[in-house]
Trainee: 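I have a structure I would like to understand better, so I am pasting it below and will then ask my questions one at a time.
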Amino acid sequence: MICENITMKEVSIPEGRSETRLFFAGQDTVELAKKYGTPLYLMDEDRVRANCRVYKEAFKKYCGPDAYPLYASKANSFTRIYEIMSEEGMGIDLVSSGELFTAIQAGYDVSRAYFHGNNKTDFDISYGMENGVGYFVMDNWEEVEAIEREAAARGIKQKALLRLTPGIDPHTFEAVATGKVDSKFGNAIETRQAEEITLFAMAQPHIDLLGFHCHIGSQIFGEDLFEKSAEIMLGFIEKMEKSHGFKTAELNLGGGYGVRYVEDDPHIDIEKKISQVADSINKTCEDLGIQVPLVHMEPGRSIVADAGMTLYTVGSVKRIPGYKNYVSVDGGMPDNPRFALYGSKYTCLLAENRDKSKDKGKDKGKDKDKDSFVCSVVGRCCESGDIIQENVNLPNDVRRGDILAVCTTGAYNYSMASNYNRIPRPPIVMLRGGEENYIAVKRETFEDIARNDIK
């Protein structure tokens, strides 16, 4: 299996028979689907906590006792996740007032929060300061001016970082590459815009400029991309210190470590990666003759992705001889738009392997000599692009009513979900301790969808 919290186990069922079922976080997915219905987001709370601890302990070990990671909220934002981040001692980054509001609702201490975004509105800036957000990560000249105005009006000095682009192409999806020169995010070092905006921010009396932020992209497996990014950023930091007397207190390298969606994806040793980045930073600072800044990173996907699974109920199995096969489920692009957006890969599994004797007289066009067949797993929307995954190998006996699981859906599924075709969003059910499960986010109702409509 692609993750250690996914297993197949034999279970006893009525009539003295047994079948093999898919277990996630130690719990029977078929029984969870019966209890909560489908579509259903599952989140392994123990896995989330374990992933947090890997990052947190590695940061203290290799980056210093004051260093800590920040959870990238955009990966999956709901009240319970912020409670967990608080309990685990994680910082957070936010990209909207909605995420900030959710963190506040959870009781999270937002003085440890970093407010991102390439186009913060005046409301965002005011709302952030009103609620005591710790840091703004400033993206552009207009934003520096707006933060200065708001801080001056409040009589405060606002802590902030500047977002820079180091000019690195991470060779990932174009849509999630953010560190190149021609990006909508940040200010390019290569074009000298980074130096110009730094001097401008330094001159603002109500902004406490602490340092710099960068983010080179998402789903990165490359050996030394973070090291290269750190070297470029530290070279810029040295220039600012020696040319302009600005000493950098913080360096935030963003997030982006990849996770395994399919068996072909490589394993990443997060602790080892962080130790390599820390070694590179320490050596580069020594070579440049500058002090090592406080280092942050912003893991999101690698905190929650493999802690998630989505369960669906199969509605139809359509075999078109000589052409293609389709297995349709009761969810789709409203709860997981990532294939439509990026062509993202996923592992799809049937949740139960039945006693084959049950299949007598139920051929319906299938090849009786084969145990499996290749199909497209598609959703229920009135949209040809409503696809969860192509070229999926499923048991040949799959039929209406079966439970189908899609693995590694803890990141950018619920957070990107929509009500397309007026379909309610699924609930989030948390699993912990191998047997406990509870609702963290309720299933939406038709009334929820129409709540803001005016008659």
Side-chain angles (χ1 to χ4, degrees), residues 55-72 89-93 111-116 133-139 144 157-168 178-179 185-189 194-204 207-216 224-257 270-271 273-299:
Y55 271 99
K56 189 175 63 174
E57 291 166 12
F59 262 77
K60 286 186 177 180
K61 183 176 181 179
Y62 300 109
C63 301
D66 296 327
Y68 58 92
L70 315 172
Y71 170 63
M90 294 280 287
I92 59 172
D93 84 48
S111 69
R112 288 165 55 86
Y114 288 68
F115 200 144
H116 287 262
V133 73
Y135 308 80
F136 282 93
V137 180
M138 304 183 297
D139 184 90
V144 174
K157 193 159 187 174
Q158 176 63 53
K159 294 178 182 178
L161 305 181
L162 272 171
R163 181 161 181 170
L164 310 183
T165 52
I168 290 178
T178 59
F185 300 101
N187 304 270
I189 293 174
E195 182 177 3
E196 293 168 358
I197 196 170
T198 299
L199 296 177
F200 179 64
M202 287 169 57
Q204 306 306 309
I207 292 177
D208 182 10
L209 183 64
L210 297 175
F212 305 100
H213 169 276
C214 68
H215 182 81
I216 55 177
D224 59 356
L225 288 172
F226 281 97
E227 290 91 321
K228 288 179 179 176
S229 177
E231 289 170 8
I232 293 170
M233 294 294 289
L234 290 168
F236 178 80
I237 286 170
E238 180 213 17
K239 180 178 181 180
M240 291 300 100
E241 181 172 336
K242 293 184 177 177
S243 298
H244 306 291
F246 178 74
K247 292 191 176 182
T248 299
E250 294 191 19
L251 173 60
N252 187 330
L253 294 173
Y257 280 130
I270 296 296
E271 180 182 353
K273 288 288 186 182
I274 292 172
S275 72
Q276 291 170 344
V277 173
D279 287 345
S280 178
I281 289 172
N282 292 333
K283 182 180 184 304
T284 303
C285 286
E286 182 179 354
D287 292 344
L288 295 174
I290 59 175
Q291 185 175 343
V292 178
L294 177 65
V295 177
H296 294 300
M297 292 180 76
E298 297 169 337

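Note: hydrogens, waters and symmetry copies are ignored here, and every other heavy atom, side chains too, is used.
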Trainee: Working to the nearest 0.5 Å, report the span between CD of E241 and CZ of F246.
Mentor: 10.0 Å
Trainee: Answer yes or no: are there more than 12 heavy-atom neighbours, outside K159 itself, under 6.0 Å from its atom NZ?
Mentor: no
Trainee: Do P293 and L234 have side chains that get closer than 4.5 Å, going by heavy atoms?
Mentor: yes
Trainee: Quick check against the 3.5 Å criterion: does H215 have a side-chain atom that pairs as donor or acceptor with the backbone of G255?
Mentor: yes
Trainee: Would the distance check show the side chain of S229 and the main-chain N or O of L225 forming a donor-acceptor pair, the cut-off being under 3.5 Å?
Mentor: no
Trainee: Taking all heavy atoms of K242 and all of L288, pick out the closest pair and write down the distance.
Mentor: NZ-O, 3.1 Å
Trainee: To the nearest 0.5 Å, how far apart are CG in L164 and CG in L161?
Mentor: 9.5 Å
Trainee: Could you report the tightest heavy-atom contact between A194 and I189, atom names first, then the distance?
Mentor: CB-CA, 3.8 Å
Trainee: Go through the steps to decide whether H213 and Y114 satisfy the test ring-ring contact (aromatic ring centres under 6.0 Å, His included), and finish with yes or no.
Mentor: CA-CA 11 Å; H213 169 276; Y114 288 68; 8.6 Å; no
Trainee: Strictly below 4.0 Å, N to O, side chains only: are D279 and K283 in salt-bridge contact?
Mentor: no
Trainee: I would like to know whether R163 and M138 meet side chain to side chain contact (heavy atoms under 4.5 Å, CB included); could you show each step before the answer?
Mentor: CA-CA 6 Å; R163 181 161 181 170; M138 304 183 297; over 6 Å; no
Trainee: Can you name the closest pair of heavy atoms from A201 and V144 and give their distance?
Mentor: CA-CG1, 4.2 Å
Trainee: Identify the two heavy atoms, one from T165 and one from A188, that lie closest to each other, and give their separation to 0.1 Å.
Mentor: OG1-CA, 2.9 Å
Trainee: Indicate the ring-plane relationship of F236 and F212, choosing parallel, tilted or perpendicular according to the 30° and 60° boundaries.
Mentor: perpendicular
Trainee: Indicate yes or no: at least one non-hydrogen side-chain atom of T198 is less than 4.5 angstrom from one of L209.
Mentor: yes
Trainee: If only atom types and distance count, is the side chain of S243 paired as donor or acceptor with the main-chain N or O of K239 below 3.5 Å?
Mentor: yes
Trainee: Supply the atom-to-atom distance M90 CE to Y68 OH, rounded to the nearest 0.5 angstrom.
Mentor: 11.0 Å
Trainee: From I216 CD1 over to K228 NZ, what is the distance, rounded to the nearest 0.5 angstrom?
Mentor: 9.5 Å
Trainee: Mark yes or no for whether H244, through its side chain, and L199, through its backbone, hold a donor-acceptor pair below 3.5 Å.
Mentor: no
Trainee: When you look at E298 and N252, which way does the side-chain hydrogen bond (donor to acceptor under 3.5 Å, both in side chains) test go after all the steps?
Mentor: CA-CA 8 Å; E298 297 169 337; N252 187 330; 2.9 Å; yes
Trainee: Roughly how far, to the nearest 0.5 Å, is NZ of K157 from CD1 of I207?
Mentor: 9.5 Å
Trainee: Cation over ring, R112 on Y135, under 6.0 Å and within 45°?
Mentor: no
Trainee: Atom CG in L210, atom CD in Q158: separation rounded to 0.5 Å?
Mentor: 9.5 Å
Trainee: Heavy-atom distance under 4.5 Å between the side chains of V137 and L162, does that happen here?
Mentor: no
Trainee: Please examine the side chains of C214 and M233, heavy atoms only from C-beta on, and report whether any two atoms are closer than 4.5 Å.
Mentor: yes
Trainee: Starting from the C-alpha separation in whole Å, work towards a yes-or-no answer on side chain to side chain contact (heavy atoms under 4.5 Å, CB included) for Q276 and F226.
Mentor: CA-CA 9 Å; Q276 291 170 344; F226 281 97; over 6 Å; no
Trainee: Heavy atoms only: give me the nearest I290-I237 pair and the separation to one decimal.
Mentor: CD1-CG2, 4.0 Å
Trainee: Apply the test side chain to side chain contact (heavy atoms under 4.5 Å, CB included) to residues I92 and L70: give CA-CA distance (whole Å), side-chain angles for both, the deciding distance (0.1 Å), then the verdict.
Mentor: CA-CA 4 Å; I92 59 172; L70 315 172; 5.7 Å; no
Trainee: Please report the shortest heavy-atom distance between P69 and Y55, naming the atom on each side.
Mentor: CG-CB, 3.8 Å
Trainee: Salt bridge between E57 and K61, side-chain N to carboxylate O under 4.0 Å?
Mentor: no
Trainee: When you measure from the side chain of D139 to the backbone of F185, do you find a donor-acceptor pair of N or O atoms at a distance under 3.5 Å?
Mentor: no
Trainee: Passes side chain to side chain contact (heavy atoms under 4.5 Å, CB included), L253 versus I281? Steps please.
Mentor: CA-CA 11 Å; L253 294 173; I281 289 172; 4.0 Å; yes
Trainee: Under 4.5 Å between any side-chain heavy atoms of Q291 and K247, yes or no?
Mentor: no
Trainee: Do F59 and I274 come within less than 4.5 Å of each other through their side chains, counting heavy atoms only?
Mentor: yes
